[in-house]
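Before any comments, here is the structure.
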Amino acid sequence: IITYNTLIDGLCKAGRVGEAIGLVAKMVKDGCSLNIITYNTLFNGLCKAGSIDEALELVAKMVQDGCSLDIITYSTLIDGLCKAGKINTAFSLANKMIKNGFSPNAVTYSSLIDGLCKVGKVEEALRLADKMKQDGHSPNYITYGILIHGFTQVGRMDLTFKLVAQMMHSRSVLDIVTYNSLISSFFKESRVREALILVAKMIKSGCHPDIFTYNSLIAHLCKVGKVDEAL
RNA sequence: UGGCUAAGUUGGUCA
């Protein structure tokens, strides 16, 4: 079953959900029962492929099959709903999950926070992060990265800097993804100098530029005519 | 005992 699950996840991540479902059918035919991980893997694959409705239909089947939802199931579905822009449904599901005795964890909260950010409700996202703290889950570096990205996307550099300062204060370290968000937002605001300073800082802190960093650097430097620096 | 599942970042193309 672990072998099957690994293959199913591989197919899903390669965007081949149809084949993944075929493989599940074969498992069943071979008398191999599906476990929660098999289902969760499929839910994630379906959600990423934009088939939330199919994922929700499959939940019903899973329950009939005698398998109950766990925190990963809820988090996966909540994330899928958020990414589909169905924020309200995502929050309803989060409430349902609580009613069923599960408490949202940092991942669940992060998905909801990202969902709010993506529809531009960054103040609400920030409030949810506070609620998350009160609920005993400290925002982690991913949660912070989500917020920072959300803030930069709507041009709220004030909130961005405030949060970065807060992170420094709590000795949280900026990771590569967060650096990349910040760097590309500086470029988008035509703050080329600050972007480059940040790249230098990032390197000094032991964080190595990756393909995202380079793509952003090269694209923006070329755009402002600094082809030589890009090279 | 362990091994499989959930969250954030860039550029391009087309509408």
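To find a chain, count down the sequence lines: A is the first, B the second, and so on, and within it residues start at 1. Every value quoted in this text rests on a predicted model; they were computed, and no experiment measured them.
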Candidate pair S181(A) and T152(A), rule side chain to side chain donor-acceptor pair (under 3.5 Å), full reasoning: CA-CA 8 Å; S181(A) 289; T152(A) 60; 5.6 Å; no

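- Atom CG in N44(A) sits roughly 6 Å away from atom C1' in A6(B) (whole-Å rounding).
- The nearest whole Å value for the distance from the CD1 atom in I1(A) to the P atom in U5(B) is 13 Å.
- Among the nucleotides U5(B), A7(B), C4(B), the one closest to the side chain of S111(A) is A7(B).
- For residues 130-145 of chain A, every residue pair satisfying the salt bridge (Lys or Arg N to Asp or Glu O under 4.0 Å) rule, not counting sequence neighbours, is listed here: D130(A)-K133(A).
- Looking at heavy-atom distances under 4.0 Å, Y74(A) makes no contact with the nucleic acid at all.
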Give me, pair by pair, the N or O atoms of the protein and of nucleotides 9-12 of chain B that are less than 3.5 Å apart, along with how far apart they are.
{"unit_1": "U9(B)", "atom_1": "O3'", "unit_2": "H149(A)", "atom_2": "NE2", "d": "3.4"}
{"unit_1": "U9(B)", "atom_1": "O2", "unit_2": "N180(A)", "atom_2": "ND2", "d": "2.8"}
{"unit_1": "U10(B)", "atom_1": "O2'", "unit_2": "S216(A)", "atom_2": "N", "d": "3.1"}
{"unit_1": "U10(B)", "atom_1": "O2", "unit_2": "N215(A)", "atom_2": "ND2", "d": "2.6"}

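- The strand RNA chain B forms no stems, meaning no runs of 3 or more Watson-Crick or G-U wobble pairs with distances below 3.5 Å.
- Formation of a donor-acceptor pair under 3.5 Å by the S51(A) side chain with backbone atoms of C47(A) is not found in this model.
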Step-by-step salt bridge (charged side-chain N to carboxylate O under 4.0 Å, His left out) determination, K26(A) to D30(A): CA-CA 6 Å; K26(A) 185 174 169 344; D30(A) 289 351; 3.2 Å; yes

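- Within the nucleic acid shown, D70(A) has no heavy atom closer than 4.0 Å to any nucleic acid atom.
- Atom CG in N5(A) sits roughly 5 Å away from atom C1' in C4(B) (whole-Å rounding).
- When rounded to the nearest whole Å, the span between CG of L34(A) and C1' of C4(B) equals 14 Å.
- Taking atom CG of residue L11(A) and atom C1' of nucleotide C4(B), one finds them 14 Å apart after rounding to whole Å.
- The interatomic distance linking N35(A) (CG) with U5(B) (C1') rounds to 9 Å, in whole Å.
- Atom C1' of nucleotide G8(B) and atom CG of N140(A) are separated by 10 Å, given to the nearest angstrom.
- Between L23(A) atom CG and C4(B) atom P the separation is 18 Å, expressed in whole Å.
- Screening residues 103-117 of chain A for salt bridge (Lys or Arg N to Asp or Glu O under 4.0 Å) gives D114(A)-K118(A) as the qualifying pairs, with residues at least two apart or on separate chains.
- Note: the hydrophobic cluster containing I197(A) does not contain L217(A) (ILVMFWY, side chain heavy atoms under 4.5 Å, direct or indirect links).
- Using bins of under 30°, 30° to 60° and over 60° for the plane-to-plane angle, the ring pair Y74(A)/F102(A) lands in the tilted bin.
- For residues 76-85 of chain A, the set of pairs meeting the salt bridge (Lys or Arg N to Asp or Glu O under 4.0 Å) definition, not counting sequence neighbours, comprises D79(A)-K83(A).
- In this structure, the nucleotide among G3(B), G8(B), A6(B) sitting nearest to the side chain of I142(A) is G8(B).
- A donor N or O paired with an acceptor N or O is found under 3.5 Å between the base of A7(B) and the side-chain atoms of S110(A).
- Residues meeting the side-chain contact (heavy atoms from CB on, under 4.5 Å) test with S68(A), sequence neighbours left out: none.
- Between G8(B) and K83(A), a contact under 4.0 Å exists linking OP1 or OP2 to a side-chain N or O.
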Chi angles and distances behind the side chain to side chain donor-acceptor pair (under 3.5 Å) call for D175(A), T178(A): CA-CA 5 Å; D175(A) 77 326; T178(A) 307; 2.7 Å; yes

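- For A6(B), one of the phosphate oxygens OP1 or OP2 lies less than 4.0 angstrom from a side-chain nitrogen or oxygen of K13(A).
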